[in-house]
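What follows is a set of notes on a single structure, which appears directly below.
None of the values given here were measured: they were computed from a predicted structure. Because only heavy atoms are used, hydrogens play no part in the values below, and waters and symmetry mates are left out as well, while side chains stay in. Lettering follows sequence order; numbering is per chain, from 1.
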Amino acid sequence: MEDSEKTNQIVVLLIGPPGSGKSTFSDTVMRSSLRPWSRICQDIINNGEAGTKAQCLKMALSSLKEGNSVFIDRCNLDREQRSEFVKLGGPGIEVHAVVLELPAQVCISRSVKRTGHEGNLQGGRAAAVVNRMLQSKELPKVNEGFSRVMFCYNDADVEIAVNTYIKLGPMDTLPSGCFGEKKSDTKSQPGIMKFFKKASDIIVEKAEEFLPKVGTARLVLVDLSHGSKILSLVKAKASQKNIDSARFFTFVGDITKLRSEGGLHCNVIANATNWRLKPGGGGVNAAIFKAAGPDLETATRVRANTLLPGKAVVVPLPSTCPLHNAEGITHVIHVLGPNMNPNRPDNLNNDYTKGCKTLREAYTSLFEGFLSVVQDQSKFPKRSNQTALSDSGENIKEDSERNKKYKGSQDNAVTNNMESGSLEDTRDSGKKMSKEWSTWALALHTIAMHPERHENIVLEFSDNIVVINDQYPKARKHVLVLARQESLDGLEDVRKENFQLLQEMHNVGLKWVDRFQNEDASLIFRLGYHSVPSMRQLHLHVISQDFDSDSLKNKKHWNSFTSSFFRDSVDVLEEVKSQGKANVASEDLLKGELRCNRCRSAHPNIPKLKSHVRSCRSQFPEHVLQNSRLVARPET
DNA sequence: GTTCTAGAAC
DNA sequence: GTTCTAGAAC
């Protein structure tokens, strides 16, 4: 590394309203950092008084000339305000953004509390100022010119970000890309606000309908975030309809800590789950499964394996479960909403009418599930009916003791996860059109049928399979294992009777992985199928995870191997064995954003993505690490 | 000006 | 699937 070409200075734009902790952030880093920093604070730049943007720019330039990295400590809340600071970047100077997205109330109370603050923004005016600033806020994007953007939503995130910069020595660099951003991008889903409005109407309507039926029980709508649109809409609607706010109310907090942190005594919580009823997804579902531990999964399996949109399933928690003994939760009701995520298979594609219908159904199923719990608890133990709505019903003894202890009533907390639109569903799209194949798409089929005519490209073949190098490899090593059976065009055609063949393809793939790793032990592989292949004839991709190839040129290439459009062979085998066919994902996934296959950071275009991927040494995502989806040699 | 994407043709 | 290229994005 030549020191002539690398100076590695950084301009960090701190982005956040007054009270978000910008000054604290830079001060904390500067106190412990080995790298020379300057803090450029517009509030004090003018001999201790507030100054101008121009003064900040001037001072930033001179600090950079002296060889310092700089913190730009001003609100920087919109793109225009940031643009001139972004231009400070250049050879040897990267521009980063650190976004301090703390709850508005936190920022306001901090601004109010500080007395001699440099910005002189104390007193009651603080709330007005912060709120006004937040209204016109534009979050930064990498394509604004930042080589790195990092989002912080709470103190823990801030601490991580501070440490990231403290640890950064004078010659170190940080991976480029966008980190930590919550994807609640309402702008990218047109009509979503309208849907929120409608959704909140449905929630209130259903709550109103069920309240008289559930005796003294109360219903609570919970959301983690203070800025929750749904929560404020529901609140407004409920008071407008004169619903008893002691019986139905909203609550901001963590649904897995309602008792310990929120002081709310709920027996039953609703979980906005996924169709597989499995942990994960990152939202409330992941949080609830995590808090409940393996008990919840086991108890869930007893009731159901999958769930249709609009349905709910009541799962009693064993007393060993941490959610039960620490938080007093006796039941989790899993409920599946409509699938509005355009990146998911079988989504409703902005069909909000259908979405609302499913949502209404979901709340009906949920409340009926809750009703069955309440009835079981108040009457004699009985099995509730097996309804079309869900596989519910459980024998729970009345617990008057608990009711006394907790001053009466039971709360049913209903979370909401519509804002991320992360719910998915499982329904088959059904009919498969017999596809017309273009001539170019027949190449693999031809080779599979007559491998002996293509000796030059065929690596090996047997009665059942042919192995070839991918003609346009998308990574250092990329081979295809073709099925030789005539009727198998792609993954969608695979059935139980093909299990043996799939197993053989998988084993042959593993054999080639082994060969490649004998040459280079650092190569890491995945084996899998494209959900919807472009070329005819079922083929298994055996591909190293470096994606270091000039043939990888566009978004479709990238996403076809790194999104869930790529179906790992191990999962396909498992699904074919258990369900008789494999799940296939939607082609919409190919249009999704570009994310690193290791650290999942987002990148604005293919060249930037590839340059990031070349140097990213992050561990692979949890999902990929499990179930032998990744084939790697142990590190030596 | 250059870089990058996306759509049509094959 | 790739190649080519117009024009969008930078």
Taking only residues two or more places apart in sequence or in another chain, which ones pass side chain to side chain donor-acceptor pair (under 3.5 Å) with [X]?
X: T446(A); value: none
X: Q545(A); value: none
X: Y165(A); value: H96(A)

Q. Does any residue of residues 444-455 of chain A have a heavy atom under 4.0 Å from DNA chain C, and if so, which ones, in number order?
A.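 The answer is none.
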
Sequence neighbours excluded - salt bridge (charged side-chain N to carboxylate O under 4.0 Å, His left out) pairs with any residue from residues 609-624 of chain A:
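Not a single pair qualifies under salt bridge (charged side-chain N to carboxylate O under 4.0 Å, His left out).
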
Residue pairs passing the salt bridge (charged side-chain N to carboxylate O under 4.0 Å, His left out) test where at least one lies in residues 524-542 of chain A, sequence neighbours excluded: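 Found E486(A)-R536(A), D489(A)-R536(A), R526(A)-D568(A).
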
Check: dG1(C) phosphate, OP1 or OP2: any side-chain N/O from H557(A) under 4.0 angstrom?
Finding: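 Looking at the OP1 and OP2 atoms of dG1(C), neither is under 4.0 Å from any side-chain N or O of H557(A).
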
**Request:** Name the nucleic acid region contacted by H539(A), choosing base, sugar-phosphate or nothing; use a 4.0 angstrom heavy-atom cut-off, strictly under.
**Result:**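 It contacts nothing in the nucleic acid.
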
Pairing string of DNA chain B (Watson-Crick or G-U wobble, both atom distances under 3.5 Å; | = paired to other strand) is ||||||||||

ask   = Considering residues at least two apart in sequence or located in another chain, which fulfil the salt bridge (charged side-chain N to carboxylate O under 4.0 Å, His left out) criterion with E504(A)?
value =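 With neighbours one apart ignored, the set is empty.
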
Nucleotide by nucleotide, nucleotides 3-10 of chain B touches protein heavy atoms under 4.0 Å in the pattern (B base, S sugar-phosphate only, - none) -SS----B

| said: Enumerate the side chain to side chain donor-acceptor pair (under 3.5 Å) contacts for residues 57-67 of chain A, please, sequence neighbours excluded, ordered by first and then second residue. | reply: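 Listed by first then second residue: S38(A)-S63(A).
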
Sequence neighbours left out, cut at 3.5 Å: what donor-acceptor pairs do the side chains of residues 453-460 of chain A make with other protein atoms?
from, atom 1, to, atom 2, distance (Å)
R453(A), NH2, H450(A), ND1, 3.3
H454(A), ND1, H450(A), O, 3.0
E460(A), OE1, K511(A), NZ, 3.2
E460(A), OE2, K511(A), NZ, 2.9
E460(A), OE2, W512(A), NE1, 2.6

Can a donor-acceptor pair be found between the side chains of N76(A) and R74(A) at a distance below 3.5 Å?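 Yes, a side-chain donor-acceptor pair sits under 3.5 Å.
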
Partner residues of S522(A) under the side chain to side chain contact (heavy atoms under 4.5 Å, CB included) criterion, sequence neighbours left out
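S522(A): side chain to side chain contact (heavy atoms under 4.5 Å, CB included) contacts with D520(A).
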
